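Here's the structure we're looking at; comments come further down.
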Amino acid sequence: MKNSIYLDHAATSPIASEVIDVMARAMAEESGNASSIHTVGRSARKALDESRASLAAKLNAKPSEIIFTSGGTEADNMAIFGTAYARQKEGKHIITTAIEHHAVLHACEKLEKEGFTVTYLPVDQTGRIRAEQVKEALRDDTILVTIMYGNNEVGTIQPIAEIGAILKEHTATFHTDAVQAFGLEKMDVEALHVDLLSVSAHKINGPKGIGFLYAKTGVKLTNILYGGSQEKKRRAGTENVPAVIAFAKAAELAGQSSQQRMEQYYGFKNILIEQFQQANIDFHLNGHQTSVLPHVLNVTFPGTDVESFLINLDMAGVLVSSGSACTAGSIDPSHVLVAMYGQNAPELRSSIRFSFGLGLTDELVREAGKRTAEIVKRLTS
Ligand SMILES: Cc1ncc(COP(=O)(O)O)c(C=O)c1O
């Protein structure tokens with residue numbers, strides 16, 4: 001098989017070697033439970049607190065506003081169920097969009113079964129909502145607005161700051177799933193006026209199974225896990241100190257390189273587009289073309305069928321996916337593309353997501369573009 005080129009960094013991105021070093025050392029040296037009051041426990045607590053402060057600073061948040069979780073899914077669930085159950089006496093209406101990650105959508109669907117009402121805002125053909133749509137959907141009983149920062153399948157960025165400004169005039173809690181955007185886009189929770197924000201380490205070259213929910217001081221949240229008093233009684237369970245230390249290291253590295261990586265990833269997009277144009281194959285891009293995450297490029301190749309296309313790409317060493325990781329393993333069409341184009345649109349059968357990250361070079365991306373174009377030619381001839 002040809003050398004593989006990994007272009008699926010939005011699904012997950014490898015751990016940076018510096019992060020592996022830091023995590024290995026932490027696993028050896030910080031063996032304590034951060035809740036223990038003896039020396040070993042206090043050492044773990046100190047390391048945990050330092051990492052918490054470092055991560056909080058990336059968002060202009062306070063350390064006490066960071067609740068560590070097992071990843072983005074738990075952070076989203078904590079935001080949605082936590083708010084719904086804490087505020088259900090004030091109202092039972094929630095606003096979200098049709099293109100959220102399933103960690104948000106399936107949580108909302110569960111709440112509908114429990115008697116909550118959810119408004120799913122439709123998106124335009126670029127996958128974007130207008131802030132005005134939120135304003136129009138707001139009701140007196142709206143307790144939560146949950147809208148993702150950047151979409152994992154097509155990369156479209158939502159007008160979070162504009163929505164935040166609208167919600168200044170309303171009591172609803174505002175949550176954003178920033179799992180794909182954190183580490184690339186500069187984010188300030190004060191400027192965005194968000195109350196809750198989800199982050200996951202494995203998208204930024206940190207370990208899997210660790211993330212956090214930023215929860216603004218005073219925001220009402222009911223616990224979703226019961227047990228010990230960790231995370232100021234907001235999330236029970238012994239903290240994974242080595243993973244948290246590694247997460248902070250990954251965020252530090254991401255912050256230092258964000259500008260340079262953004263430029264590099266826009267360059268990669270252009271390289272792929274050039275390769276497809278030069279090969280004279282039919283294609284079009286999905287998602288917003290300017291309000292977009294730099295590391296995600298979703299492309300439709302008319303006449304291809306996504307399953308055989310993905311298998312052919314894999315055999316040629318081009319590792320991509322058709323959207324969210326779970327959707328890729330099943331025949332369900334992407335709910336994001338359905339929301340953008342409608343139930344029977346050809347895009348649903350013929351779209352591929354390329355996503356960029358650690359270890360890629362112009363040469364590798366060019367080679368991946370060439371191999372992809374060859375396969376498209378073969379499959380559509
Ligand atoms: C936008 C978005 N939200 C949430 C998640 C879930 O994060 P995790 O894999 O850490 O549970 C993902 C991961 O694919 C994502 O892309």
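The first residue of the sequence shown is numbered 1, and numbering continues consecutively from there. All values derive from a computational prediction rather than experimental measurement. Counting starts at 1 for both ligands and their atoms, in listed order.
If you take CG on Leu105 and OG1 on Thr97, they are separated by 6.5 Å, rounding to the nearest 0.5 Å. To the nearest 0.5 Å, atoms CZ (Phe68) and CD (Glu239) are separated by 8.5 Å.
The distance from ligand 1 to the heavy atoms of Asp76 drops below 4.0 Å at these ligand atoms: 3 (N), 4 (C). Residue contact check: Thr73 has heavy atoms under 4.0 Å from atoms 6 (C), 7 (O), 8 (P), 11 (O) of ligand 1. Close approach to Gly71 involves these atoms of ligand 1, each under 4.0 Å from a residue heavy atom: 10 (O). Near Ser200, meaning under 4.0 Å from one of its heavy atoms, ligand 1 places the atoms 8 (P), 10 (O). Ligand 1 places these atoms under 4.0 Å from at least one heavy atom of Asn152: 1 (C), 16 (O).
Close N/O approach between His202 and ligand 1 is found [any backbone or side-chain N/O within under 3.5 Å]. Any N or O atom pair closer than 3.5 Å counts here, and Ala11 shares no such pair with ligand 1.
Note: Phe301 and Phe276 meet the aromatic proximity criterion, with ring centroids under 6.0 Å apart. Taking the six-membered ring for Trp and the full ring otherwise, the centers of Phe247 and Phe212 sit less than 6.0 Å from each other.
The two atoms that bring Val296 and Lys269 nearest to each other are O-NZ, 2.9 Å, heavy atoms only.
The side-chain hydrogen bond (donor to acceptor under 3.5 Å, both in side chains) test applied to Glu30 returns Ser43, not counting sequence neighbours.
Within the set Asp177, Thr69, Val199, the minimum heavy-atom distance to atom 4 (C) of ligand 1 is found for Asp177. Checking His101, Glu153, Met148 against atom 2 (C) of ligand 1, the nearest heavy atom belongs to His101.
Remark: Arg45 engages Asp49 in a salt bridge, criterion side-chain N to carboxylate O under 4.0 Å.
The side chain of Lys203, and not its backbone, has at least one atom closer than 4.0 Å to an atom of ligand 1 (non-hydrogen atoms only; side chain from C-beta on).
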